[in-house]
Protein chains: 2
Amino acid sequence: MPKRVDHAERRTEIAKALVRVASHRGLHAVGMRDVAAEAGVSLRLVQYYFETKEKLLLYGLQHLVERFAERVAARSRAAGDDRGPRAMIEALLMASLPTDEESRAFHLVYTSYAVLAVTDQALAAQPFIWNPDAAEDTLTELLRQAQEADLVQPGVDVQLEAVSLLAMSAGLGTSVLVGQRSPQSAATVLNHHLDRIFQTSGNGSLTQQARE
Amino acid sequence: MPKRVDHAERRTEIAKALVRVASHRGLHAVGMRDVAAEAGVSLRLVQYYFETKEKLLLYGLQHLVERFAERVAARSRAAGDDRGPRAMIEALLMASLPTDEESRAFHLVYTSYAVLAVTDQALAAQPFIWNPDAAEDTLTELLRQAQEADLVQPGVDVQLEAVSLLAMSAGLGTSVLVGQRSPQSAATVLNHHLDRIFQTSGNGSLTQQARE
DNA sequence: ACCGACGTGGTACGTTCGTACCACGAAGAT
DNA sequence: ATCTTCGTGGTACGAACGTACCACGTCGGT
């Protein structure tokens, strides 16, 4: 029965199983047996495609980041160039919020990896994966474009606002994850700051020192 | 030799050992034997004062939160009422940043607990510990006082800004923790937003649409 | 002066984990 | 048609973990 099988596809499926069980029982609690059972294969198979647990975890992180990048890209494309850079930024930030179950799982597992990487050097030394500067650069560039199109308030430091928005998004995301805050509430906060940064378009609002 | 010993003190010392080893090897990797060795006592002793590992972890979290509350209170008192509410808020936010080794350890272990609590119900059901709304209320109240003293810009939503500052502080703290950002950089970002919220005092700055 | 509880040590038990080992059927290569 | 490699299963092993058990000295109470 052993037809030649696609290794990459199999590894991906196992990695998906890893993320699934990690999102249910916590990354610290995943064993190779759990992953095998979740993927519907034998323990030996997991051993076969990933020789060691460390490699399995590494690939799991890689898979996770790729899936997330695709998700963000899809959302950005959906709210694409037709509705301007603000819509794009909004989509980018909202995609980072743990709203549905998929992004909840992503946030949880990714944060687990991040915490793990502080004490585990094998995880910390992943240059291509651990690249959060990319998000910062992307957001900064989007804000800069908006600035050149005269869409943002004068005197705004785009780099600093990009960092602020991302930090806020991360912090709010964690709050939502632990159940302290609702996704809607987090979205409201982020939108408020976008209102502050961007030129008021149509309706004036809270942050404006309303001259009336 | 067994003189009557202070249980609370002993438990505290063991909890401190727990936090210490958790900050070095990661919370997921701490065993009772490690804690015992770090505290300089026998495994049996750890068993004696905390019957089970779960209780040890719970007490460790409690200890961690108390120590942090003391730390923040001390800093707030140090930059106390003499320099106004802004200095107090600044101290509160800066104390939450992982600058020295102690606050680095706190951030790491606390985040580990938070991540753990998402999948572990025994940890999630800790009502008195898991109270981050307290920080939000405190900060909101401080901002409201400042607002009544005419120290903040008009039209500022203090509740929303409190949430924003805390979320930013948390997000920046994580960035600093994983080595992506320097503590100084994070402090700069936070100070920028305090400048934005508070009335300009003395030197005008970036966010002001400088009327000159 | 006795006695029961306290503080402490050592160690053994059962489980679970990651990994290694052995076996075997089925396909592609020669 | 044979042979080597690939995919797969089952299982065993050593280590580490949390917990339970047993033993012993030393205080406080009466």
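Chain letters run A, B, ... following the sequence lines, proteins first, then strands; residues in each count from 1.
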>> Whether A/Arg144 and A/Glu141 form a salt bridge (side-chain N of Lys/Arg under 4.0 Å from carboxylate O of Asp/Glu) is what I want to check.
In response: yes
> Taking the six-membered ring for Trp, are A/Phe68 and A/Tyr110 ring centroids under 6.0 Å apart?
Replying inline: no
>> Please determine whether a side-chain nitrogen of the Lys or Arg among A/Glu136 and B/Arg181 lies less than 4.0 Å from a carboxylate oxygen of the Asp or Glu.
In response: yes
>> Tell me whether A/Thr99 contacts the main-chain N or O of A/Ala95 through its side chain, where contact means a donor paired with an acceptor under 3.5 Å.
In response: no
> Starting at CG of B/Asp6 and ending at C1' of C/dC6, how long is that distance when rounded to a whole Å?
Replying inline: 14 Å
>> In whole Å, I'd like the distance from the NZ atom of A/Lys55 to the P atom of C/dG18.
In response: 16 Å
> Do we get B/Arg11 above B/Tyr59's six-membered ring, with its NZ or CZ under 6.0 Å from the centre and within 45° of the axis?
Replying inline: yes
>> Taking the minimum atom-to-atom distance to the side chain of A/Arg4, which one of D/dC6, D/dT8, C/dG10 wins?
In response: D/dC6
>> Please give me every residue in residues 18-33 of chain B whose heavy atoms get under 4.0 Å of an atom in DNA chain C, ordered by residue number.
In response: B/Arg33
>> I need the CZ-C1' distance between A/Arg10 and D/dG7, as an integer number of Å.
In response: 8 Å
>> For D/dG9 and A/Ser42 - does any side-chain N or O of the residue sit under 4.0 Å from the phosphate oxygens OP1/OP2?
In response: yes
>> Do the side chains of A/Arg20 and A/Asp34 get close enough for a salt bridge, i.e. N-O under 4.0 angstrom?
In response: no
> Side-chain N or O of B/His7 less than 4.0 angstrom from OP1 or OP2 on C/dC6?
Replying inline: no
>> Tell me if a side-chain donor or acceptor on B/Gln147 pairs with a main-chain N or O of B/Val156 at a distance below 3.5 Å.
In response: yes
> Are the side chain of A/Arg104 and the backbone of A/Leu177 linked by a donor-acceptor contact shorter than 3.5 Å?
Replying inline: yes
>> Using whole Å, what does the distance between atom C1' of nucleotide D/dG7 and atom CG of A/Leu45 come to?
In response: 7 Å
> Can you tell me how far C1' of C/dA12 sits from CZ of B/Arg44, to the nearest Å?
Replying inline: 14 Å
> Near DNA chain C, which residues from residues 46-54 of chain B have a heavy atom under 4.0 Å away?
Replying inline: B/Tyr48, B/Tyr49
>> Can a donor-acceptor pair be found, under 3.5 Å and without considering hydrogens, that links the side chain of B/Tyr113 to the backbone of B/Leu57?
In response: yes
> Between B/Leu43 (CG) and D/dC21 (P), how many Å, whole number?
Replying inline: 15 Å
